[in-house]
Amino acid sequence: MTRKNLFTLFLFIFISLSNYAQVSVSGSHFGLFDDLRKKDYVEIKKRTTVFVINDFDLKQFEQMLTGIWDLNTFIVISPEQFETNKDTYIDEQYSIFKFSGLIRTVTYQNGGSTEYIYLNYNYYYYTDVKTNRKGEKKGDMNEVASVFFAGDADSMWEMIRTTKYGNLEKSLYNYKLGFLKNYLQFINNKLKTGGYSFTYAEDYNKSKIKELQKATLYIPSFIKIKYSGWTGKDTDRDNPDELFKKYDYKYEFIDTDALSDKIMNAKEDFYYLMYTKVNSQKFVSVVNGKTGEIIYRDYEILTYSLKANDLSRLNKKID
């Protein structure tokens with residue numbers, strides 16, 4: 001398999017080009033916005049969702065879903081179970097959540113090249129399913145949602161080099177059970193109510209964002225790490241608090257795993273910052289850790305580092 005090829009990993013999760021500033025609820029997570037059709041909302045509710053998950057305990061994941069996923073019925077399976085019974089699930093009674101990776105290579109006239117990696121958890125269903133001459137079931141794929149992910153530099157370069165994933169929970173910053181819970185809450189609610197979400201969007205909730213005037217904004221510890229495009233390496237920020245020099249409200253750094261646990265056990269509303277770098281793009285959002293609601297999202301292209309100006313823009317919206 002070459003680096004230009006699609007490489008797929010089966011696990012549970014879906015999305016980071018953005019709307020959660022990483023979540024898309026639309027017909028495509030690439031390119032121009034592709035609105036969902038009325039029949040997509042109707043069709044997805046009739047089907048059983050197959051969550052294909054990796055790196056998480058199946059029972060724990062199922063228990064998490066039981067408390068948040070009421071769009072339709074669901075089952076949780078391993079990648080091995082999916083592969084063994086693929087023809088069973090490529091069927092018009094199921095929809096599928098499955099992780100995938102895509103590497104794209106851009107070659108320049110001077111002979112140089114740049115490689116881009118996209119890691120997504122995609123939600124889709126098949127129509128017009130038929131069995132071909134080889135006995136394989138094929139159909140038209142209809143995407144309804146996707147989530148983008150990003151991780152540390154060494155892990156991402158290793159994925160590009162080998163076209164293999166390794167341990168996603170360790171390699172990807174936002175591939176944590178708590179974050180996945182919020183992503184799925186968001187998608188579940190959008191599809192239930194006929195809503196949509198474009199990956200490359202900027203907006204905010206004018207009433208909810210004012211809660212940050214008094215509430216603590218939790219900052220996952222991975223934001224203390226900065227990527228250098230010149231060296232292709234990660235380094236620790238000398239002074240992470242410099243990012244908040246234009247932010248006038250209360251914030252608190254928290255270990256990323258501890259934040260995931262806080263989301264899993266949330267009894268009250270609280271808010272955290274989510275930042276995702278996808279190649280030369282960045283997504284910044286503020287999420288309600290209890291409900292998964294996104295109250296702020298910002299998107300920029302041709303830049304990927306989190307900067308003080310990103311928090312300054314958030315500050316202005318809170319004001």
Within the side chain of Gln213, is there an N or O that forms a donor-acceptor pair under 3.5 Å with the backbone of Tyr249?
no
Answer yes when Lys176 and Glu169 have at least one side-chain N-carboxylate O distance shorter than 4.0 Å, and no when they do not.
no
Please check this pair: side chain of Asn85 against backbone of Thr88, looking for a donor-acceptor N/O pair closer than 3.5 Å.
no
Shortest non-hydrogen separation from Leu184 to Trp69 and the atoms involved:
O-CZ3, 3.7 Å
Closest non-hydrogen atom pair, Leu177 against Phe61:
CD1-CD1, 3.6 Å
Under the criterion side chain to side chain contact (heavy atoms under 4.5 Å, CB included), I'd like the reasoning laid out for Asn174 against Leu180: C-alpha separation, chi angles, the key distance, then a yes or no.
CA-CA 8 Å; Asn174 56 328; Leu180 289 175; over 6 Å; no
Can you tell me how the ring of Phe51 sits relative to the ring of Tyr123, calling it parallel under 30°, perpendicular over 60° and tilted otherwise?
parallel
NZ/NE/NH1/NH2 to OD/OE distance under 4.0 Å, Lys226 and Asp236:
no
With no hydrogens and no angle check, just 3.5 Å: does a side-chain donor-acceptor pair link Asp40 and Asn142?
no
Checking side chain to side chain contact (heavy atoms under 4.5 Å, CB included) for the pair Ile254/Ile219: CA distance, chi angles, key distance, verdict?
CA-CA 6 Å; Ile254 182 173; Ile219 315 299; 5.9 Å; no
From Glu80 atom CD to Glu83 atom CD, the distance as rounded to the nearest 0.5 Å
8.5 Å
Side chains of Asp91 and Tyr125: do they bring a donor and an acceptor to under 3.5 Å?
no
Checking Gln81 side chain against Ser78 main chain: does a donor-acceptor pair fall under 3.5 Å?
yes
Keeping Lys246 on the side-chain end and Ala308 on the backbone end, is there a donor-acceptor pair under 3.5 Å?
no
Taking side chain as C-beta onward, heavy atoms only, is Tyr204 less than 4.5 Å from Val286?
no
Inspect the contact between Lys316 and Asp319 and indicate whether a charged nitrogen and a carboxylate oxygen are less than 4.0 angstrom apart.
no
Any side-chain heavy atom of Leu314 sitting closer than 4.5 Å to one from Leu217?
yes
How many angstroms lie between atom CG of Leu172 and atom CG of Leu168, to the nearest 0.5 angstrom?
5.0 Å
Can you find a pair of side-chain heavy atoms, one from Leu273 and one from Tyr251, that are under 4.5 Å apart?
no
Under a 3.5 Å threshold, yes or no: a donor from one side chain and an acceptor from the other, between Asn188 and Gln185?
no
In Å and rounded to the nearest 0.5 Å, what is the CD1 to NZ distance from Ile68 to Lys181?
7.0 Å
Going by the angle between their ring planes, with limits at 30° and 60°, are Phe82 and Tyr89 parallel, tilted or perpendicular?
parallel
Is it the case that over 12 heavy atoms from other parts of the model lie below 6.0 angstrom from the NZ atom of Lys170?
no
Are Leu306 and Arg237 packed together at the side-chain level, in the sense that at least one heavy-atom pair is separated by less than 4.5 angstrom?
yes
Looking at Asn120 and Ser100, would you say the former's side chain and the latter's main chain have a donor-acceptor pair under 3.5 Å?
no
Can you measure from CG (Leu65) to OG1 (Thr49) and round to the nearest 0.5 angstrom?
9.0 Å
Cut-off 3.5 Å, side chains only: do Ser155 and Asp152 have a donor facing an acceptor?
yes
Shortest non-hydrogen separation from Asp87 to Lys137 and the atoms involved
O-NZ, 2.9 Å
Hydrogens and angles aside, do Tyr275 and Asp310 bring a side-chain donor and acceptor to less than 3.5 Å of each other?
no
Do the side chain of Lys224 and the main chain of Pro240 share a donor and acceptor less than 3.5 angstrom apart?
no
Neighbour count above 12 (heavy atom, 6.0 Å) for Gln63 CD
no
Evaluate the criterion side chain to side chain contact (heavy atoms under 4.5 Å, CB included) for residue pair Ile44 and Leu71; output intermediate values, then yes/no.
CA-CA 8 Å; Ile44 205 69; Leu71 174 69; 4.2 Å; yes
Phe222 and Tyr173: aromatic ring centres closer than 6.0 Å?
yes
Just by distance, do the side chain of Lys45 and the backbone of Lys192 share a donor-acceptor pair under 3.5 Å?
yes
Heavy-atom nearest pair, Ser171 first then Met159, reads CB-CE, 3.9 Å
Any sub-3.5 Å donor-acceptor pair from Arg313's side-chain atoms to Asp298's backbone N or O?
no
Any heavy-atom pair between the side chains of Gln60 and Met64 that's under 4.5 Å?
no
Considering only heavy atoms from C-beta outward, does the side chain of Ile90 approach that of Lys138 to under 4.5 Å?
no
Can you check whether Phe179 reaches Ile263 side chain to side chain, under 4.5 Å on heavy atoms?
yes
Start with the C-alpha gap between Thr48 and Asn72, add the side-chain angles, then the distance that decides, and say whether side chain to side chain contact (heavy atoms under 4.5 Å, CB included) holds.
CA-CA 6 Å; Thr48 295; Asn72 51 26; over 6 Å; no
In terms of side-chain heavy atoms, does Tyr271 have a donor or acceptor partner in Glu211 at a distance below 3.5 Å?
yes
With a 3.5 Å distance limit and no angle check, can you tell me whether Ser221 reaches the backbone of Thr256 through a side-chain donor-acceptor pair?
yes
Do other residues, nucleotides or ligands put more than 12 heavy atoms under 6.0 Å from the CG atom of Asp238?
no
Separation between CG of Asp261 and CG of Asp257, rounded to the nearest 0.5 Å
7.0 Å
Do the non-hydrogen side-chain atoms of Phe99 and Asn122 ever get within less than 4.5 Å of each other?
no
Please report the closest heavy-atom contact between Tyr124 and Glu143, naming both atoms and the distance.
CB-CA, 3.9 Å
Would you verify whether the NZ or CZ of Lys290 falls within 45 degrees of the ring axis of Phe270 while also being under 6.0 Å from that six-membered ring's centre?
no
Check this for me: does any side-chain nitrogen of one of Asp154 and Lys233 sit under 4.0 Å from a carboxylate oxygen of the other?
yes
Which atoms form the tightest heavy-atom contact between Asp128 and Lys130, and what is the distance?
OD1-CE, 3.2 Å
Whether the side chain of Thr291 engages the backbone of Glu293 through a donor-acceptor N/O pair (distance < 3.5 Å, no angle test) should be reported.
yes
Which distance, rounded to the nearest 0.5 Å, do you find between the NZ of Lys98 and the CD1 of Ile77?
10.5 Å
